[in-house]
Amino acid sequence: MSPFRPDSLPRFALAGVLALGLLVWLAHGVALLGFPYQDDYGEGGTMIASLRLAQGTPIHPEIQEAPYFVNPYTPVFLWAGSLFMGAGPTFFGGRLVSLASGLGVAWLLFTWLRRRAGIQAALVGTTLFVLHPLVLGWTPLYRTDSLALFFGFAGLLAAEAAMRADEPSLRRLFPAALLLVLDLYTKQSMIAPVLAAMACAWSGSLRTGARLSALLVALVALPALALEAMNEGRFLGAIFGHNVMPFSLEQACLCLGAYLSSAAGLVGLAVACAWLEGIRRHRLWWFFLAGALPIALGSGREGGFYNYCLELHLALSVLSGLAWDAATRGGRASAWAVGALVAAQVALGGISRLPPCLLSPLDHLRFETGFVLRGQDPPWRKALSDVGQIAAWLEAHPGPILAENLGNPTILGRTPWVVDPLILFTLARSGRWDPEPVLRRVDRQDFAVIFLQVLEGNLRFSPEAIARIAASYQVVGRVGVDLVLLPRPRPSPDSGGSG
């Protein structure tokens with residue numbers, strides 16, 4: 001008798017879709033690992049912070065002192081990236097850490113769901129996590145998010161295992177607390193796992209809540225005090241004060257709305273999980289979802305983006321896998337309804353784009369995956385290959401520089417002044433940074449060359465800074481996505497005309 005059974009169809013279909021999604025993800029990761037220049041704006045400042053660590057330079061200096069560097073992140077990911085800086089600045093190491101962390105999250109999700117709910121639930125949750133433009137486009141970047149998501153999820157799984165015991169001891173809770181603290185020291189704003197673990201612990205028993213809270217406070221406080229001392233009292237002010245940015249509800253609605261539109265099936269599956277299973281059985285994961293929702297609103301802060309939805313996406317993926325398990329135990333009608341939601345989300349996640357720059361898995365499959373598998377440069381890398389021409393401009397114009405895309409000149413040995421202009425000029429609006437020393441240097445034409453994406457409507461330099469740059473510098477060319485600006489000719493002292 002053939003071992004094939006009709007109820008194996010969903011398993012084989014999901015396994016095939018997951019394998020294809022992983023192939024597209026890995027191909028994109030390989031393409032980005034082989035691209036030596038900046039792909040996302042935030043990569044530049046993060047990579048420069050790693051470079052400073054590798055060089056033994058403080059990553060939380062006084063922001064009022066030249067050459068004006070600000071770093072709003074805790075150090076774990078920056079340290080991991082610095083390990084690859086032996087031969088000089090590179091995006092490779094940090095991107096590798098991020099890609100491996102994203103794949104690690106998918107692996108943890110699959111293995112946990114398989115153990116908890118079976119192979120088909122594992123395939124559902126992992127497929128829906130992987131097959132989405134947010135995971136595909138964001139996780140390979142030189143950004144702190146992927147590693148933080150990995151530590152946070154691993155901490156939640158460790159907390160869940162520890163809290164299966166009645167009144168777990170400090171020793172049993174310690175691995176979960178350590179992983180959750182590593183999450184905070186990778187990216188301090190990704191706090192949904194910490195909130196979820198604490199809420200679950202306190203809802204279980206006061207003693208468990210008190211023990212976990214005490215561990216977390218101790219493990220957070222000791223490194224914070226050490227880092228505060230090492231950075232001459234600037235660590236806490238940098239990671240919290242420099243992160244207090246203006247908030248736009250309109251931007252938050254745009255980002256969160258676009259994400260939720262691309263994840264409508266995931267939302268439906270979470271609702272199905274609540275309907276079929278209730279809340280109490282999986283309370284840790286509902287606490288995680290509840291903590292992730294306000295974090296997703298962080299996409300509305302100045303400089304925020306879809307990455308604030310990563311925890312929300314993971315929480316919905318977990319609940320989707322649990323919904324499948326509940327539906328297959330709930331009867332044919334439940335199974336068909338949940339299966340339709342899974343199919344709809346597979347299609348939606350595969351074709352959705354998150355504007356302006358996160359393309360769909362289908363886009364990557366059509367325009368990138370095949371090129372990478374054949375050992376060729378995909379079209380986007382060919383289109384950006386002229387970024388390397390920045391080297392000729394730097395060689396021809398030695399001296400200090402300003403740049404909007406910070407990483408590209410840094411890779412070539414010329415770190416710009418004002419890292420990061422988005423943060424610093426935003427801080428200037430509330431009087432927390434004085435831009436006048438930089439602008440006086442602009443007036444004197446002290447910068448040898450300036451690279452900006454645009455003049456009108458620039459998002460990272462203030463309107464006053466752009467006006468003063470335009471008064472003293474002129475556009476002389478373009479390299480990659482940047483305009484090249486050189487000092488305007490000054491009238492000679494004896495060139496006065498007669499009437």
Side-chain angles (χ1 to χ4, degrees), residues 76 101 104-122 124-126 129 147-186 190-224 270 273-274 276-293 295 311-312 314-326 328-330:
V76 171
S101 300
V105 171
W107 177 76
L108 288 175
L109 178 61
F110 182 86
T111 55
W112 180 82
L113 278 172
R114 183 180 61 180
R115 185 173 63 250
R116 180 70 179 267
I119 185 65
Q120 290 195 19
V124 167
T126 311
F129 174 75
L147 184 58
L149 191 69
F150 175 82
F151 282 135
F153 189 40
L156 280 176
L157 297 182
E160 188 210 39
M163 285 187 278
R164 288 191 195 128
D166 292 331
E167 306 293 348
S169 64
L170 286 171
R171 181 178 180 181
R172 189 176 181 90
L173 290 167
F174 181 82
L178 179 60
L179 288 164
L180 292 170
V181 169
L182 285 170
D183 167 25
L184 295 180
Y185 276 96
T186 303
M190 294 186 76
I191 61 172
V194 177
L195 297 176
M198 290 182 65
C200 192
W202 282 104
S203 69
S205 77
L206 294 179
R207 182 174 295 180
T208 301
R211 285 174 175 171
L212 181 59
S213 298
L215 275 173
L216 288 170
V217 169
L219 291 174
V220 167
L222 292 175
C273 184
L276 294 167
E277 296 275 81
I279 301 295
R280 290 189 58 82
R281 184 176 181 188
H282 305 301
R283 70 180 191 275
L284 175 63
W285 304 109
W286 290 107
F287 282 133
F288 183 35
L289 178 65
L293 281 168
I295 301 304
E311 291 169 313
L312 176 58
L314 177 57
L316 290 172
S317 299
V318 170
L319 293 170
S320 295
L322 296 174
W324 178 277
D325 175 53
T328 55
R329 291 184 281 103

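- Rounded to the nearest 0.5 angstrom, F150 CZ and D183 CG are separated by 11.5 Å.
- Contact between A192 and G291 at its shortest, heavy atoms only, is CB-C, 3.6 Å.
- Rounding to the nearest 0.5 Å gives a distance of 12.0 Å between CG of L180 and CD1 of I191.
- For the atom pair CG of L316 and CG of L293, the computed distance is 7.5 Å after rounding to the nearest 0.5 Å.
- The closest side-chain heavy-atom distance from R211 to L215 is not below 4.5 Å.
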(request) Would you please test F151 and V76 for side-chain contact (heavy atoms from CB on, under 4.5 Å) and show each step? (result) CA-CA 11 Å; F151 282 135; V76 171; 4.1 Å; yes
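- Within 6.0 Å of atom CZ in R207, 12 or fewer heavy atoms from other residues, nucleotides or ligands are found, so the atom counts as exposed in its surroundings.
- When all heavy atoms are compared, the tightest approach of L314 to L109 is CD1-CD2, 4.4 Å.
- Across all non-hydrogen atoms, the minimal contact from S203 to C200 is OG-O, 2.9 Å.
- Partner of W112 under the ring pair (Phe, Tyr, Trp, His ring centres under 6.0 Å) criterion, chosen from F129, F153, W285, W107: W285.
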(request) Test side-chain contact (heavy atoms from CB on, under 4.5 Å) on F110 and I119 and set out the steps. (result) CA-CA 8 Å; F110 182 86; I119 185 65; 3.4 Å; yes
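- The side-chain heavy atoms of F288 and L319, taken from C-beta on, include no pair separated by under 4.5 Å.
- Here the shortest heavy-atom pairing between A121 and D325 reads CB-CB, 4.2 Å.
- Here CG of L212 is found 13.5 Å from CZ of R172. Values are rounded to the nearest 0.5 Å.
- Between I295 and M190, every side-chain heavy-atom pair lies at or beyond the 4.5 Å cut-off.
- Shown here for G155 and L179, the closest heavy-atom pair between the two residues is CA-CB, 3.6 Å.
- Rounded to the nearest 0.5 angstrom, L289 CG and H282 NE2 are separated by 13.0 Å.
- Residues L322 and E277 have side chains not in contact (no heavy-atom distance under 4.5 Å, counting atoms from C-beta outward).
- Looking at every heavy atom in both residues, A162 comes nearest to P168 through O-CB, 3.4 Å.
- With rounding to the nearest 0.5 angstrom, the CD atom of E160 is 5.0 Å from the CZ atom of R116.
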